[in-house]
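For the numbers below, each heavy atom of this structure counts, side chains included, while hydrogens, waters and symmetry mates do not.
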Amino acid sequence: MFRILHSEFLAPGIKRLVIEAPRIARKQQPGQFVILRLHEHGERIPLTIENSTPQEGTISIVVQSAGKTTSLLNSLNAGDTILDVVGPLGKPSHIANFGTAVVIGGGVGTAMAYPTAAALKRAGNRVISTIGGRTKEFVILEREMREVSDVLMITTDDGSYAEKGLVTDRLRQLIQNGVRIDLVLAVGPIVMMKAVAEMTRAERIPTVVSLNPIMIDGTGMCGGCRVMIDGKSQFACVDGPEFDAHQVNFDVLVQRNAMYREAEQRSLAEYRCQLEARTNRANSTQEGACVSGGGVR
Amino acid sequence: MKTPPSPSSNPLLPRERIKLPRQHMPEQSAIERARNFHEVNLGYSAELARQEALRCLECRNPVCVDHCPVGVKVRDFVRLIVAGDFLGAAAKIREDNVLPAITGRVCPQEDHCEGACLLCKKGESLGIGYLERFVADYEQQAGIRSLPSAPASGKKVAIVGSGPSGLAAAGDLAQRGHKVHVFEALHELGGVLVYGIPEFRLPKQIIREQLDYMRAMGVVFETDVVVGRTVTIDELMQEEGYDAVFIGTGAGSPQFMNIPGEHWNGVYSANEFLTRINLMHAYEFPAYDEPMLDLHGRDVAVIGGGNTALDAIRSALRLGARKAYVIYRRSQAEMPARAEEVKHARQEGIEFLMLTSPVEFLADDKGWLRAARCICMQLGEPDASGRRRPVSVEGSEFNLPLSVAIMAIGTTANPVIQSTTPGLETNNRGYIQADQVTQRTSRKGVFAGGDIVTGSATVILAMGAGRRAAKSIHEYLMTGEWQPEATESKTAPVVVPAGL
């Protein structure tokens, strides 16, 4: 059992949880993740560690609700517990003084990019960060990213805050302006990471992305998280999660991540229905029936 | 036949014993069991067990014992069954084997004790595995346990991995009075016994009861710890005060064939397929959250010929597969799977495509597997494993329609511990170097055994290594002596991974 000491929403549906996990806190390095399981019937899901405080024995994760498990995680608060948290898993980010590093965080990916950005800064790099969200309220970790960046650029899709546009637009500008870039780190939606990879490939700028395939054990035992790197199969849990963006086959990642989409949607629908039924019961005596159509693919 | 050294209550003469037929193991009918996950074998009754035990020739020098990787005193426990002392028989087995209910089910006895049994020469061997299972189950039902009470040694041992080798080592060390702490990476204890071997061959309840027994012995278990990541071997020894460490982390990473199309949706490793089912209960979705593909009405194939391959395809059948194939590149004679499992699988309706190998997986435009392109093979000259090498027959390609393909062609060493433990030597395949007798590694106080040393093998061989390690850990803890030369000379025997 792992206790949640603190929780806060960073944006609608995006929550930070501070979890008591002394062994993990002691060992965590930027780029690593944990796998957690919420209850006896729960699935195992990987989540990047945002930060750790070894003295206090805590780690923090940032979760965006997307499916049932992440929605459940979003409903947890200080005092609640998580049944299993295991880690830190995966290879740590390669940190060195590269020169100028551009760190790109798309949406909740900003939380995953943050620890590496901070480490790059500590290693002496000039860090240019570009983070973004759909609207103003989805721009997260602005303060934290500003602290570890020499330059922080912010975009929103709808222009409700800072510059209107995509994070990749800012990268293009930097390249067009002739800014010398020695390393790009991009973490976020697959389409964003793929766009970054295409943009930097032509310029031959070393680029690293953090991949998020489906995982079970996270220790190299099951092979479910295999990703195609330079035409060859690799396991993201032990060989990654960070890879050379120019060698990643993003289409295979999209295809494999869709493997259980129907089941995931069914899980989420039933979870929401149960939530509603509970709310309804609390308000009246009305009972809700939670049966969703369709089988599992 | 000479008179055995200790008393026998068997009223039959040896020539009468030889004439008795081997008692058949009662099992669920094939039609019934092909659609459920209940155990296939139902176990002997007391009467069947006694009948079978009467067949034992009670050899003066029992070769069956020599052929047991953990040295179970077969003749002595069988004698106790004949005498009707089933709990005594269980206690006798426990002197050498801490997990009899498990080995009684999954040990390949035909390769060990039963293969050596003199009755083989006259007909069928004694049903040693069935008898072991009977007394272990009898003891478990009776709920009587003889807990050992060796005085506390004040020494602490860390066991890495709660699979068969780790549990065997933990049991022996606890019995000798040491404080034993077992670290497990997954959320559930038991290693391959839990994530790999399906319910119909080894019910999880059996493992839980064995674990309870070990807890009662004082063994402490901690889940969710990936040694090498969460904590290193050096930290365990230097900061957490462990006097010795045993590494029993198992074989590790699944192999693929490196043929085109292995990334399509629907192509699994056997480890993932079985883990989803056994550990994560994905087949009980949505009651359990972990999903898996619905196999109802779909055609499924496993590639490989080992026990893991059969476990996977028989699970697929139970989950509603319309067609369930084993695709194996050699012939049945070379299959590493247990004969009993092959027999059971055939009875259940599994189809065997022998001398066949996939060369490519084909998918629809959304990336879902639709077929395996296969090629026929023929056997050529013997290869390094001594088995005849399969050679492809030119122009024999054909497409086999499939929705799911499961790769069960063996595993490679998981590097997590080796890469985080300075000075821990490995062989050229990445497995940890350990002495075959003492299980000592190149690091003082660190021992290793099971699949992480030998490559994919069996539960009983891993348990044997765990027991040898426990013995030499005990000696090391008591004397403090470490002879490094012991680790240099011998390397682990090469074991051909299942399914190759």
Side-chain angles (χ1 to χ4, degrees), chain A residues 2 21 23-24 26-27 32 34-45 67-69 72 83-90 214 216-228 232-233 235 238 249 251-252 254-256 258-264 266-267 270-271 292 295-297, chain B residues 184-188 192 195-196 222-226 228-232 235 249-256 258 262-276 279-282 284-294 296 363 366-368 407 411-412 414-416 419:
Chain A
F2 295 78
R23 281 192 189 275
I24 304 171
R26 224 183 114 196
K27 300 289 285 185
Q32 291 187 300
V34 287
I35 283 198
L36 45 83
R37 190 178 72 127
L38 294 183
H39 55 87
E40 284 297 342
H41 287 200
E43 61 180 339
R44 292 170 66 101
I45 63 160
K68 178 182 175 184
T69 302
L72 270 171
L83 188 54
D84 298 286
V85 182
V86 62
L89 300 170
I214 295 168
I216 305 181
D217 67 296
T219 64
M221 183 271 281
C222 87
C225 66
R226 57 194 194 277
V227 287
M228 200 176 272
K232 293 193 191 75
S233 195
F235 295 173
V238 287
N249 186 326
D251 297 338
V252 167
V254 170
Q255 167 221 309
R256 288 184 60 80
M259 195 145 162
Y260 300 106
R261 183 134 312 147
E262 277 182 38
E264 288 159 0
R266 180 174 167 197
S267 262
E270 287 184 15
Y271 168 69
S292 63
V296 191
R297 157 115 211 193
Chain B
E184 168 57 47
L186 291 171
H187 58 258
E188 214 171 306
V192 72
Y195 74 73
E222 186 175 350
T223 54
D224 296 329
V225 178
V226 181
R229 291 260 184 249
T230 314
V231 64
T232 63
E235 286 163 349
T249 49
S253 299
Q255 275 185 329
F256 288 86
N258 298 317
E262 281 178 309
H263 60 281
W264 297 129
N265 292 355
V267 181
Y268 286 95
S269 75
N271 274 9
E272 181 188 358
F273 188 78
L274 288 168
T275 298
R276 280 186 184 274
L279 180 73
M280 303 309 297
H281 298 258
E284 295 180 65
F285 180 90
Y288 282 76
D289 292 339
E290 193 80 52
M292 73 178 297
L293 302 180
D294 185 356
H296 284 95
K366 298 251 166 52
W368 288 92
M407 311 304 286
T411 53
T412 56
N414 186 319
V416 169
S419 63

**Fill in**
From the list A:Met228, A:Gln255, A:Lys27, A:Arg256, the residue making the most non-hydrogen contacts under 4.5 Å with chain B is A:Gln255
**Request:** Measure A:Met221 against the heavy atoms of chain B and call it side chain, backbone, both or neither at under 4.5 Å.
**Result:** both
**Segment of B:Glu222 engaging chain A (4.5 angstrom heavy-atom cut-off)** = side chain
**Fill in**
One option among B:Asn265, B:Asn271, B:Leu274 has the most heavy-atom pairs under 4.5 Å with chain A, and it is B:Asn265
**Asked** Is it the backbone or the side chain of A:Leu83 that comes under 4.5 Å from a heavy atom of chain B, or both, or neither?
**Response** backbone
**Message:** With a 4.5 angstrom heavy-atom cut-off, is it the side chain or the backbone of B:His263 that approaches chain A, or both, or neither?
**Reply:** both
**Message:** Could you walk me through whether B:Met292 and B:Phe273 satisfy the side chain to side chain contact (heavy atoms under 4.5 Å, CB included) test, starting with their C-alpha distance in whole Å, then the side-chain angles of each, then the deciding distance to 0.1 Å, before giving a yes or no?
**Reply:** CA-CA 8 Å; B:Met292 73 178 297; B:Phe273 188 78; 3.7 Å; yes
**Request:** Take B:Leu279 and B:Glu290, measure what side chain to side chain contact (heavy atoms under 4.5 Å, CB included) needs, and give me the verdict at the end.
**Result:** CA-CA 10 Å; B:Leu279 180 73; B:Glu290 193 80 52; over 6 Å; no
**Complete:** Cut-off 4.5 Å, heavy atoms of chain B, and the answer for A:Arg37 is side chain
**Request:** Heavy-atom distances under 4.5 Å only: say whether B:Ser253 touches chain A with side chain, backbone, both or neither.
**Result:** both
**Prompt:** Taking only residues two or more places apart in sequence or in another chain, which ones pass ring pair (Phe, Tyr, Trp, His ring centres under 6.0 Å) with A:His41?
**Reply:** B:Tyr288
**Fill in**
Counting heavy-atom pairs under 4.5 Å with chain B, the top scorer among A:Ile214, A:Leu38, A:Thr219 is A:Thr219
**Part of A:Ile216 within contact of chain B (heavy atom distance under 4.5 Å)** = side chain
**Residues forming a side-chain contact (heavy atoms from CB on, under 4.5 Å) with A:Arg26, sequence neighbours excluded** = B:Glu235, B:Glu239
**Asked** Is A:Arg44 close to B:Thr275 at the side-chain level, that is, under 4.5 Å between some pair of heavy atoms?
**Response** no
**Fill in**
Exactly one of B:Met280, B:Glu272, B:Arg276 clears side chain to side chain contact (heavy atoms under 4.5 Å, CB included) with A:Cys222, and that residue is B:Glu272
**Prompt:** Looking at B:Val231, B:Leu186, B:Val225, which makes the most heavy-atom pairs under 4.5 Å with chain A?
**Reply:** B:Leu186
**Asked** Counting heavy-atom pairs under 4.5 Å to chain A, which of B:Gly367, B:Ala185, B:Pro254 comes out on top?
**Response** B:Pro254
**Asked** Using non-hydrogen atoms only, which part of A:Ser233 is less than 4.5 Å away from chain B: side chain, backbone, both, or neither?
**Response** neither
**Message:** Could you report the tightest heavy-atom contact between A:Pro88 and A:Gln32, atom names first, then the distance?
**Reply:** CB-OE1, 3.4 Å
**Asked** Given that the side chain runs from C-beta out, which part of A:Val85 has a heavy atom under 4.5 Å from chain B: side chain, backbone, both or neither?
**Response** backbone
**Asked** Do B:Leu293 and B:Trp368 pass the side chain to side chain contact (heavy atoms under 4.5 Å, CB included) test, and can you show the C-alpha distance, the side-chain angles, and the key distance before you say yes or no?
**Response** CA-CA 11 Å; B:Leu293 302 180; B:Trp368 288 92; 3.7 Å; yes
**Asked** Taking every heavy-atom pair that is under 4.5 Å apart, which of A:Gly218, A:Gly224, A:Gly67, A:Ala258 has the most such pairs with chain B?
**Response** A:Gly224
**Prompt:** Does a side-chain N-to-carboxylate-O contact under 4.0 Å join A:Glu262 and A:Arg266?
**Reply:** no
**Item:** A:Ser267 to B:Phe285 - nearest heavy-atom pair and separation
**Value:** OG-CE1, 3.2 Å
**Per-residue contact mode, A:Phe2 against chain B (heavy atom under 4.5 angstrom)** = side chain
